[in-house]
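None of the values given here were measured: they were computed from a predicted structure. Order of the sequence lines fixes the chain letters, A, B, ..., with proteins taken first and strands second; residue numbering starts at 1 for each chain.
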Protein chains: 2
Amino acid sequence: MLSQSSSQMPLAVNHISVDCVVLGFDGEKVRVLLIKRVGEENGQVFHDMKLPGGLIFTDENLDDAARRVLRELTGIKSINLLQFKAYGSKDRTKNAKDVHWLERAIQMKVDRIVTIAYIALVRINRGLTNSSGENEICWVPLDEVKTLAFDHNIILADAIDVVRRHAEADPSYLFNLLPQKFTILQLRTLYERVYGKPQDVRNFQKKVNQLDYVVALDEHEQGVAHRAARLYRFDRKLFKRVRR
Amino acid sequence: MLSQSSSQMPLAVNHISVDCVVLGFDGEKVRVLLIKRVGEENGQVFHDMKLPGGLIFTDENLDDAARRVLRELTGIKSINLLQFKAYGSKDRTKNAKDVHWLERAIQMKVDRIVTIAYIALVRINRGLTNSSGENEICWVPLDEVKTLAFDHNIILADAIDVVRRHAEADPSYLFNLLPQKFTILQLRTLYERVYGKPQDVRNFQKKVNQLDYVVALDEHEQGVAHRAARLYRFDRKLFKRVRR
DNA sequence: ATGGCTTGTTGTGAACATTACAATAAGTAT
DNA sequence: ATACTTATTGTAATGTTCACAACAAGCCAT
């Protein structure tokens with residue numbers, strides 16, 4: 001793990017945090033869960049947004065910390081938490097605004113914070129209960145995300161990339177974003193959003209039909225002003241049994 | 001990044017290190033670069049091995065720290081350093097042996113060390129210069145790796161997995177392990193070792209031949225007691241131009 | 001120089017997966 | 001009844017993957 005370094009540079013004693021990129025899908029767009037931040041700069045109050053995150057406790061594993069943060073801020077008990085990258089660049093806190101906010105928040109002098117970033121895919125319609133009181137949370141469509149705190153824009157962009165690659169390797173991954181009963185249109189739209197290109201309607205349907213772990217239900221959607229689409233569900237047990 | 005936590009748990013102030021999984025290929029087996037460690041337990045001297053790694057300095061980026069550690073320990077200036085996971089489990093230092101060694105090495109009380117793990121693929125025949133003096137380094141075939149320090153066996157196993165997946169996504173990745181001039185047999189053996197299954201000779205050759213960034217040379221291998229195989233080289237510029 | 005040994009090099013057909021493409025069915029609203 | 005909207009379905013062409021074996025080239029021993 002480490003060597004008796006020949007150098008006499010000072011060792012860093014850093015804070016470690018976790019940040020979560022929580023993604024949801026509303027049937028039309030992929031949205032990311034952000035937290036409103038209220039800060040102060042030169043006596044001016046400012047509002048912006050950041051990813052949900054927090055410092056880890058002594059005696060707490062990284063994954064547990066991510067789970068706790070998510071639960072505290074949103075009530076989400078996420079099952080598919082994926083650690084994807086550590087961010088430790090010195091200039092991730094180059095913005096004075098961020099440093100002021102941070103030092104007031106944790107009431108400590110901050111040298112640097114290394115953050116471990118996680119991705120969680122959730123069903124967007126689940127109820128969110130913000131047990132930490134103060135912070136307002138909201139689902140923002142990916143294409144409407146403005147400048148975020150710290151390097152959170154970079155983290156978010158990296159996360160999308162990881163989701164894309166992970167979904168390719170694991171065909172079950174994106175189902176975490178869909179409601180339990182969904183139409184093929186919803187599934188197709190999701191794939192189009194994630195991969196950024198249109199999917200052929202017939203070929204897509206054909207492909208889904210030959211996945212035995214996507215099972216057709218005897219139900220159709222309700223309250224639409226046209227022919228109602230059949231509902232499907234994802235069968236995780238069947239998926240694990242088949243594994244391709 | 002963080003929230004004013006409602007909890008009153010103590011915040012952790014942790015050490016942060018980087019560990020490098022350096023992989024090479026000798027034409028037959030994939031090898032990992034390990035460092036011999038000499039420690040003491042109950043007055044008994046013990047010898048074992050660990051991944052190259054070290055604590056990060058204040059003011060040092062994670063990637064820079066990994067690069068520095070690698071350079072100090074091996075002389076390698078690795079260009080393809082890939083950060084792949086952070087390890088922060090409390091019980092990664094559950095072995096008393098490790099804790100003793102660690103606290104003597106850095107002359108500090110150690111609560112926990114979060115380590116950021118990197119992968120570097122290098123040409124195994126490059127000269128290694130261990131500028132840190134003391135520690136002996138060696139290339140160990142993957143299937144001969146014994147129990148390592150800390151959780152380094154886990155890190156190594158994870159790394160192999162990441163290499164496999166990364167190689168699928170980026171066909172240029174594994175060429176970092178080959179000498180500049182190589183035979184198709186070497187390339188094929190490498191793929192067989194990484195993916196753990198035999199590759200059909202003809203199909204493999206055919207596939208390589210239709211990659212225009214693997215260019216045939218007018219040279220053949222020397223000093224073999226049979227028909228000499230043609231040499232090839234990987235053309236990175238062509239690869240970047242094509243990108244499939 | 002010959003024959004034997006070892007490894008290098010090459011092609012074809014079958015099975016399978018991917019792509020492109022448009023007409024009809026089912027339900028709602030007027 | 002008609003218009004409107006979205007759902008659902010098949011086929012042919014193309015490209016990719018896979019399985020499989022005979023001949024070529026160079027070295028060595030005699």
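- With the 3.5 Å cutoff on both pairing distances, Watson-Crick and G-U pairs in DNA chain D assemble into runs of at least 3 at C:1-30 with D:1-30.
- We find that CD of B/Glu219 is positioned 17 Å from P of C/dG8, with the value rounded to whole Å.
- Because its NZ or CZ atom is both nearer than 6.0 Å to the ring centre of A/Phe150 and within 45° of the ring axis, A/Arg37 counts as a cation-pi partner of that residue.
- Across all strands, A/Val201 comes closer than 4.0 Å to base atoms (heavy-atom distances).
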Pairs: protein N or O with nucleotides 11-14 of chain C N or O, under 3.5 Å:
residue	atom	partner	partner atom	Å
C/dT12	O4	B/Lys206	NZ	2.9

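- Nucleic acid contact class of A/Leu185 (heavy atoms, under 4.0 Å, all strands): sugar-phosphate only.
- The CD1-P distance, from A/Ile184 to D/dT8, rounds to 7 Å in whole Å.
- When the P atom of C/dA17 is taken as reference, atom CZ of A/Phe204 falls 18 Å away, rounded to whole Å.
- For A/Glu221 and A/Lys181, the salt-bridge test fails: no basic side-chain N is under 4.0 Å from an acidic carboxylate O.
- With hydrogens and angles left out, the side-chain atoms of B/Tyr118 and B/Asp63 include a donor and acceptor closer than 3.5 Å.
- For B/Arg31 and B/Glu144, the salt-bridge test fails: no basic side-chain N is under 4.0 Å from an acidic carboxylate O.
- Checked by atom type, the side-chain pair A/Asn176/A/Arg236 shows a donor-acceptor distance below 3.5 Å.
- Taking 4.0 Å as the cut-off between side-chain N and carboxylate O, A/Arg164 and A/Glu168 do not count as a salt-bridged pair.
- Between the CZ atom of B/Arg230 and the P atom of D/dA24 there is a distance of 17 Å, rounded to whole Å.
- Rounded to whole Å, the distance from CZ on B/Arg227 to P on D/dG26 is 7 Å.
- Ion pairing of A/Asp48 with A/Lys50 is absent here, as no side-chain N (NZ or NE/NH1/NH2) approaches a carboxylate O to less than 4.0 Å.
- The distance from atom CD of A/Gln205 to atom C1' of D/dG10 is 12 Å, rounded to the nearest whole Å.
- Under a 4.0 Å N-O distance rule, the pair A/Lys197/A/Glu192 does not qualify as a salt bridge.
- Straight-line distance from the CD atom of A/Gln199 to the P atom of C/dC21: 16 Å, rounded to whole Å.
- What separates NZ of A/Lys207 from P of C/dC16 is a distance of 18 Å, to the nearest Å.
- No side-chain donor from either of A/Tyr87 and A/Asp19 sits under 3.5 Å from a side-chain acceptor of the other.
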